[in-house]
**Student:** 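The structure follows.
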Protein chains: 4
Amino acid sequence: MQQETLQKEDGREHRSEASRARILNAATEIFAQKGPEGTRVDEIAEKAGINKRMLYHYFGSKEDLYVEVLRNNYDKIFTLSKKAFKLGDNPKENVTRAVRAYFYFLAQNKEFVRLTSWEALSGGRFIGKVIPQFFDLVELEFGDIIKDGIQRKFISPDTDIRQVLLSVQALCLAYFNRRELVQPLWREDMLSEEMLEARLQHILNLIFEGIFSHKQEGE
Amino acid sequence: MQQETLQKEDGREHRSEASRARILNAATEIFAQKGPEGTRVDEIAEKAGINKRMLYHYFGSKEDLYVEVLRNNYDKIFTLSKKAFKLGDNPKENVTRAVRAYFYFLAQNKEFVRLTSWEALSGGRFIGKVIPQFFDLVELEFGDIIKDGIQRKFISPDTDIRQVLLSVQALCLAYFNRRELVQPLWREDMLSEEMLEARLQHILNLIFEGIFSHKQEGE
Amino acid sequence: MQQETLQKEDGREHRSEASRARILNAATEIFAQKGPEGTRVDEIAEKAGINKRMLYHYFGSKEDLYVEVLRNNYDKIFTLSKKAFKLGDNPKENVTRAVRAYFYFLAQNKEFVRLTSWEALSGGRFIGKVIPQFFDLVELEFGDIIKDGIQRKFISPDTDIRQVLLSVQALCLAYFNRRELVQPLWREDMLSEEMLEARLQHILNLIFEGIFSHKQEGE
Amino acid sequence: MQQETLQKEDGREHRSEASRARILNAATEIFAQKGPEGTRVDEIAEKAGINKRMLYHYFGSKEDLYVEVLRNNYDKIFTLSKKAFKLGDNPKENVTRAVRAYFYFLAQNKEFVRLTSWEALSGGRFIGKVIPQFFDLVELEFGDIIKDGIQRKFISPDTDIRQVLLSVQALCLAYFNRRELVQPLWREDMLSEEMLEARLQHILNLIFEGIFSHKQEGE
DNA sequence: AATGAATGAGCTTTCATTCAT
DNA sequence: AATGAATGAAAGCTCATTCAT
């Protein structure tokens with residue numbers, strides 16, 4: 001079914017590559033918006049401006065196309081994690097840098113956020129085909145940062161790294177995930193630069209300090 | 001669409017009520033599992049052990065049934081928030097009590113968690129019909145707890161309550177939401193009593209202290 | 001199926017007779033309005049204010065009920081024809097009397113008009129069960145009137161009686177049949193006493209004189 | 001609903017047009033036979049020899065298809081009225097020509113006759129979507145003929161044109177409408193050339209003379 | 001490489017009818 | 001005599017997929 005086009009380095013057939021890309025873009029947008037079940041093949045074809053038949057020509061089936069969309073999006077974060085998560089000397093700065101990178105990646109990849117959520121709800125039914133040993137690749141690198149923080153005694157030694165990873169992810173993702181639901185109640189545009197930065201600072205603050213002021217607590 | 005068969009005090013329509021309830025239960029389970037689009041009416045009917053026709057008799061349409069399922073589940077958390085969020089004297093204890101109540105409510109209402117998520121993804125398309133001014137009703141009460149914490153100077157005055165609410169919700173929900181995705185990587189059963197309590201402690205710790213030990217930081 | 005209630009002269013069970021009558025009335029109205037295919041059994045039951053089950057108890061099936069409705073309505077015109085079509089001495093008066101009787105019968109039996117039309121369209125599918133040798137019983141008597149008119153040389157001897165019957169029927173029926181369609185174009189209320197009488201006069205005039213004035217024609 | 005596939009002058013979509021036409025033909029026949037309620041979409045598809053899906057592709061819904069069938073048939077009589085109802089010098093000939101044209105149009109358009117009747121019974125529910133200001137377009141032109149007859153003093157000045165139109169229509173339509181019902185009683189084939197002509201002559205005679213011989217009457 | 005036309009399986013919904021009391 | 005609850009068959013409609021060019 002899944003006809004991988006192998007003509008990448010022969011330089012001919014721009015048309016075909018272009019068509020394939022347009023399908024993939026359209027599919028990404030619609031799958032992200034409506035989920036795998038809610039998406040209609042016709043809608044993708046129309047949005048891509050190509051004949052529905054080509055979609056099957058290039059991707060084999062609706063499901064295969066969806067998987068391809070997932071792969072494509074996970075490649076992005078894989079790339080990010082490779083680049084942005086260098087381990088520096090200062091654990092706090094390491095965490096700050098990584099969370100910031102992750103948070104703004106999500107801000108700029110709306111589709112990624114939603115695709116992840118659909119996947120979470122379908123219990124990773126499809127993602128398994130993309131990343132057999134799935135977990136957000138980010139976690140690997142980020143895990144190392146936490147480990148390093150523990151070794152350097154900045155973070156308590158009995159910290160469960162998995163919990164931390166889950167929490168950081170949740171704190172970042174939720175802002176975008178629940179945005180449509182809560183936007184009506186927040187006055188400001190939640191995607192404005194200021195609000196994004198405000199959310200990031202809230203997250204970092206939470207991670208480093210919690211919300212309870214320690215002087216009070218220490219009394 | 002004839003939702004409420006009027007009780008003519010002759011006590012005979014138990015059957016009717018029972019059928020209605022069985023449909024609602026089956027629907028809750030399947031809608032939670034597969035989402036509004038992925039759910040098949042036949043499957044609900046089969047699971048409820050009734051003729052498909054009755055489903056339309058009692059609920060009018062698939063969509064109306066879904067909305068009814070939502071309403072039913074939101075009633076539960078509404079009840080919870082009324083009961084569990086009394087404001088006591090100690091802000092830290094208030095928060096602890098509320099978070100614990102919310103977290104264990106989620107632990108015990110798997111369907112609620114998933115229904116919420118489907119709704120978030122569909123941009124609250126249906127929930128609007130249930131709660132016109134939608135937001136997790138919990139937020140209202142929980143917000144008061146935070147406000148009180150600020151007034152008593154346990155929480156910094158420039159704290160954005162909305163951010164806190166979003167974060168607490170995210171920290172609790174994510175554990176159940178992403179469970180299916182990450183379970184393979186965690187050795188223990190994430191729903192065991194110990195693990196649930198461990199997660200709750202992690203969340204409370206994060207809220208009160210953050211993950212960075214302050215002595216280290218303070219050096 | 002068709003359970004003819006045979007308790008007519010034992011005087012007991014008024015309730016049952018009453019129920020049967022209410023079903024028949026409701027059915028008559030709705031069948032006349034929407035036709036055999038467009039009618040819903042539930043609607044009849046609701047209008048009759050009885051349980052749907054009784055409908056089956058008394059009439060066996062939807063179709064049998066429809067046939068019963070037809071029989072009931074044809075009885076009316078049968079009765080009419082027995083009463084109103086006495087053969088007098090003056091052919092013109094005979095015709096006038098008969099047409100008037102028929103026309104006003106239609107005016108007062110809206111349902112009869114419509115039921116006849118549905119039957120005509122279904123090719124007498126059901127009426128066959130009521131009147132094996134069907135034709136509007138009126139025709140028999142009216143036919144005699146025309147025959148008499150011919151014998152007395154008031155009507156041309158080569159007149160085809162069947163054509164005349166068909167025409168008279170058409171001229172009367174059409175006024176009520178097409179009323180809903182043309183009413184918007186006629187200013188007056190087509191069912192007012194004046195307009196009814198006007199139509200009757202037009203029909204009689206047409207039958208006796210045609211619409212072309214003979215003086216002109218004779219020139 | 002995508003009714004008109006735009007001709008891209010490459011002449012290839014004959015198939016498409018042909019399919020559309022076959023659906024329309026099949027639909028016309030079956031809707032005429034069984035009425036909008038009695039018609040089954042599957043039956044149309046089977047008769048047209050196409051997949052049911054295409055019917056929805058071309059026409060959107062069963063109801064829209066029905067409306068299209070109506071439009072299509074009313075176009076025919078519109079065309080007729082444009083062509084056949086020229087106003088000549090002799091009123092009697094004008095009427096004769098028009099009635100003949102109308103009568104034979106009905107004889108040759110069995111479906112039109114029945115579709116009109118279904119519409120009349122449903123109170124013009126659908127026709128409204130086709131001809132907003134509905135009335136048989138014929139009436140317009142025919143009305144002019146009568147008016148002209150009045151002006152030239154061939155027809156009495158107090159004649160109500162609406163009544164005449166209604167009557168002429170009724171006299172023509174009824175012959176075809178009630179044919180199925182009365183055919184068993186007439187020996188001859190009512191659709192034979194001779195019988196058609198006989199009916200037309202009867203109608204014309206009725207219009208011009210009435211059925212009562214004037215010598216008798218005049219005595 | 002690309003397309004318009006077509007399809008079959010399956011979905012939601014409706015309806016006349018019967019069961020159990 | 002009367003009823004509320006329940007049903008199976010079939011209706012209208014949709015969707016991913018393939019055929020023919």
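So you know, we letter chains A, B, ... as the sequences are listed, proteins then strands, and number each from 1. Since this is a predicted model, take the numbers as computed values, not measurements.
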**Student:** Respond yes when some side-chain nitrogen or oxygen of S61(B) is under 4.0 Å from OP1 or OP2 of dT12(E), and no when none is.
**Tutor:**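 No, S61(B) has no side-chain N/O under 4.0 Å of OP1/OP2 on dT12(E).
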**Student:** Between R20(D) and E17(D) (salt bridge meaning N to carboxylate O under 4.0 Å), is one present in this structure?
**Tutor:**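 Result for this pair is no, no salt bridge flagged.
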**Student:** What is the bend of the helix from dA2(E)-dT21(F) to dT21(E)-dA2(F) when you compare the axis at one end with the axis at the other, using five pairs each and rounding to 10°?
**Tutor:**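 The end axes of the helix from dA2(E)-dT21(F) to dT21(E)-dA2(F) are about 30° apart, to the nearest 10°.
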**Student:** Does the side chain of H57(A) get closer than 4.0 angstrom to OP1 or OP2 of dA1(E) through an N or O atom?
**Tutor:**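 Yes.
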**Student:** Taking only N and O in the side chain of S16(B), is any of them less than 4.0 Å away from OP1 or OP2 of dA5(F)?
**Tutor:**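 Result: yes.
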**Student:** dG4(F) phosphate, OP1 or OP2: any side-chain N/O from N51(C) under 4.0 angstrom?
**Tutor:**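 Looking at the OP1 and OP2 atoms of dG4(F), one of them is under 4.0 Å from a side-chain N or O of N51(C).
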**Student:** Listed by chain and number, what are the salt bridge (Lys or Arg N to Asp or Glu O under 4.0 Å) partners of K47(A), not counting sequence neighbours?
**Tutor:**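 In terms of salt bridge (Lys or Arg N to Asp or Glu O under 4.0 Å), with neighbours along the sequence ignored, K47(A) is linked to E29(A).
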**Student:** Would you please name every residue forming a side-chain contact (heavy atoms from CB on, under 4.5 Å) with K34(B), sequence neighbours left out?
**Tutor:**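 K34(B) satisfies side-chain contact (heavy atoms from CB on, under 4.5 Å) with I30(B), T39(B), E43(B) once adjacent residues are dropped.
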**Student:** Output yes when at least one side-chain N/O atom of Y58(B) is less than 4.0 Å from OP1 or OP2 of dA6(F), else no.
**Tutor:**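 For dA6(F), OP1/OP2 do have a side-chain N/O of Y58(B) under 4.0 Å.
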**Student:** Please work out which residues in residues 22-43 of chain C have a non-hydrogen atom less than 4.0 Å from an atom of DNA chain E and list them by number.
**Tutor:**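 T39(C), R40(C), V41(C), in order of number.
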**Student:** Rounded to whole Å, how long is the line connecting atom CD of E46(B) with atom C1' of dT7(F)?
**Tutor:**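 That distance rounds to 16 Å.
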**Student:** From CD1 of I50(B) over to C1' of dA5(F), roughly how many Å is that when rounded to an integer?
**Tutor:**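 One finds 11 Å between C1' of dA5(F) and CD1 of I50(B), rounded.
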**Student:** Which residues pass the salt bridge (Lys or Arg N to Asp or Glu O under 4.0 Å) test with D75(D), sequence neighbours left out?
**Tutor:**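 Salt bridge (Lys or Arg N to Asp or Glu O under 4.0 Å) list for D75(D), sorted by chain: empty.
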**Student:** Closer than 3.5 angstrom, by distance alone: can the side chain of R40(C) be matched with the main-chain N or O of E37(C) as a donor-acceptor pair?
**Tutor:**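 Judged by distance alone, yes, a pair lies under 3.5 Å.
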**Student:** Can you confirm whether Y58(A) sits close enough to S16(A) that some side-chain heavy atom of one is under 4.5 Å from a side-chain heavy atom of the other?
**Tutor:**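 Of all side-chain heavy-atom pairs linking S16(A) with Y58(A), at least one is under 4.5 Å.
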**Student:** Atom CG of D64(B) to atom C1' of dT12(E): distance rounded to whole Å?
**Tutor:**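 Taking CG of D64(B) and C1' of dT12(E), I get 13 Å after rounding.
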**Student:** Quick check on dA1(E): is either OP1 or OP2 less than 4.0 Å from any side-chain nitrogen or oxygen of S19(A)?
**Tutor:**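 For dA1(E), neither OP1 nor OP2 has a side-chain N or O of S19(A) closer than 4.0 Å.
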**Student:** So, does the side chain of K52(B) form a donor-acceptor pair with the base of dT13(E) at under 3.5 Å?
**Tutor:**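 A donor-acceptor contact between them is present.
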**Student:** Restricting to side-chain contact (heavy atoms from CB on, under 4.5 Å), what partner residues turn up for N73(B), sequence neighbours left out?
**Tutor:**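 By the side-chain contact (heavy atoms from CB on, under 4.5 Å) rule, N73(B) matches T28(B), V69(B), K76(B), E111(B), F112(B), L115(B).
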**Student:** Look at the side chain of M54(A) and decide which nucleotide, out of dT13(E), dA1(E), dC19(E), has an atom nearest to it.
**Tutor:**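 Minimum distance to the M54(A) side chain belongs to dA1(E).
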**Student:** Give the nucleotide from the list dC15(F), dT12(E), dT3(F) with an atom nearest to the side chain of Y56(B).
**Tutor:**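 Of the candidates, dT12(E) comes closest.
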**Student:** Under a 4.0 Å threshold between the charged nitrogen and the carboxylate oxygen, would R114(C) count as salt-bridged to E180(C)?
**Tutor:**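 Here E180(C) pairs with R114(C) in a salt bridge, since their nearest N and O are under 4.0 Å apart.
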